[in-house]
Amino acid sequence: MGVVIIDGSTVRSFVEDEAQFKKSVDEAFVSLDLNNDGVLSRSELRRAFESLRLIETHFGVDVATPPEELTKLYDSIFDKFDSDQSGTVDMDEFRTELKEIMLAIADGLGSNPIQMALEDDDKNFLKQAADREASKISG
């Protein structure tokens, strides 16, 4: 785990670098597409969001969440990603929704830099944004 200093402009700059952002999102999509059919099923996308533990912790302390509440949450997330309501999420839908999420994070962070602890995982979009910013500064 590493600590980065990040603000909204760092995240926004990463998203606006269309080539890099597309590459990162497409790599994430491929890693989630377990059966290599070119679309994400409800269970494939749920597995990705379960790993984020969106409502299962409160300041690092596990909390019990009823399974039906988790299912409701993950179903609503899937429905948001599945914009054409086809029952699957294609790469364009995935990319579009992740872009919206990242821009919302950028707006939420604002212009004041904050320290953030991030897993040392190259698939983490916030870490990629911070690494991109650091490489611009050092290069």
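The residues of the chain are indexed from 1 along the displayed sequence.
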(request) Show the numbers, then the answer: is there a side-chain contact (heavy atoms from CB on, under 4.5 Å) between V39 and D33? (result) CA-CA 7 Å; V39 294; D33 184 13; 5.8 Å; no
(request) Tell me, with the steps shown, if D26 and M91 meet side-chain contact (heavy atoms from CB on, under 4.5 Å). (result) CA-CA 7 Å; D26 291 357; M91 196 174 289; 3.3 Å; yes
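With rounding to the nearest 0.5 angstrom, the CG atom of N35 is 9.0 Å from the CG atom of L40. To the nearest 0.5 Å, atoms CD1 (I101) and NZ (K80) are separated by 9.0 Å. Put simply, CD on E44 and OG on S41 are 3.5 Å apart, with the number rounded to the nearest 0.5 Å. Annotation: the span from S13 atom OG to R132 atom CZ amounts to 3.5 Å, rounded to 0.5 Å. Between atom CD of residue Q128 and atom NZ of residue K23 there is a gap of 8.0 Å, rounded to the nearest 0.5 Å. A distance of 12.5 Å separates NZ in K22 from NZ in K99, rounded to the nearest 0.5 Å.
Comment: D79 engages R42 in a salt bridge, judged by a side-chain N to carboxylate O separation of less than 4.0 angstrom. Salt bridge annotation for R46-D75: absent, with no cationic side-chain nitrogen under 4.0 angstrom from a carboxylate oxygen. Note on E69 versus K72: no salt bridge recorded, every NZ/NE/NH1/NH2 to OD/OE distance being 4.0 Å or above.
Closest approach of S76 to L73, counting heavy atoms only: OG-O, 2.7 Å. The heavy-atom pair separating R95 from D92 by the smallest distance is NH1-OD1, 2.8 Å.
Contact check for I114 versus I5: no side-chain heavy atoms found under the 4.5 Å cut-off. In this structure the side chain of L126 reaches within 4.5 angstrom of the side chain of M116, judged on heavy atoms. With contacts defined as side-chain heavy-atom distances shorter than 4.5 Å, the pair F81/T88 does not qualify.
A donor-acceptor distance shorter than 3.5 angstrom exists from the side chain of D82 to the backbone of G87, with no hydrogens or angles considered. The backbone N or O of I6 lies less than 3.5 Å from no partner atom in the side chain of T10, so there is not a single donor-acceptor pair. Not one N or O on the side chain of D7 forms a donor-acceptor pair closer than 3.5 Å with the backbone of N112. Here the side chain of D131 pairs no donor or acceptor atom with the backbone of S135 at under 3.5 angstrom.
Between F14 and F21, the angle of the ring planes goes over 60°, which puts this pair in the perpendicular group of the 30/60° scheme.
A ring-centre distance under 6.0 Å is found for F29 and F94.
Each of L103, T96, L98 was scored for a side chain to side chain contact (heavy atoms under 4.5 Å, CB included) with E100, with one residue passing: T96.
In this structure, V30 is a member of the same hydrophobic cluster as F125, with clusters built from ILVMFWY side-chain heavy atoms closer than 4.5 Å.
For E68, the CD atom sits in a packed shell: over 12 heavy atoms of surrounding residues, nucleotides or ligands are nearer than 6.0 Å.
There is a side-chain donor-acceptor pair under 3.5 Å between S24 and Q20.
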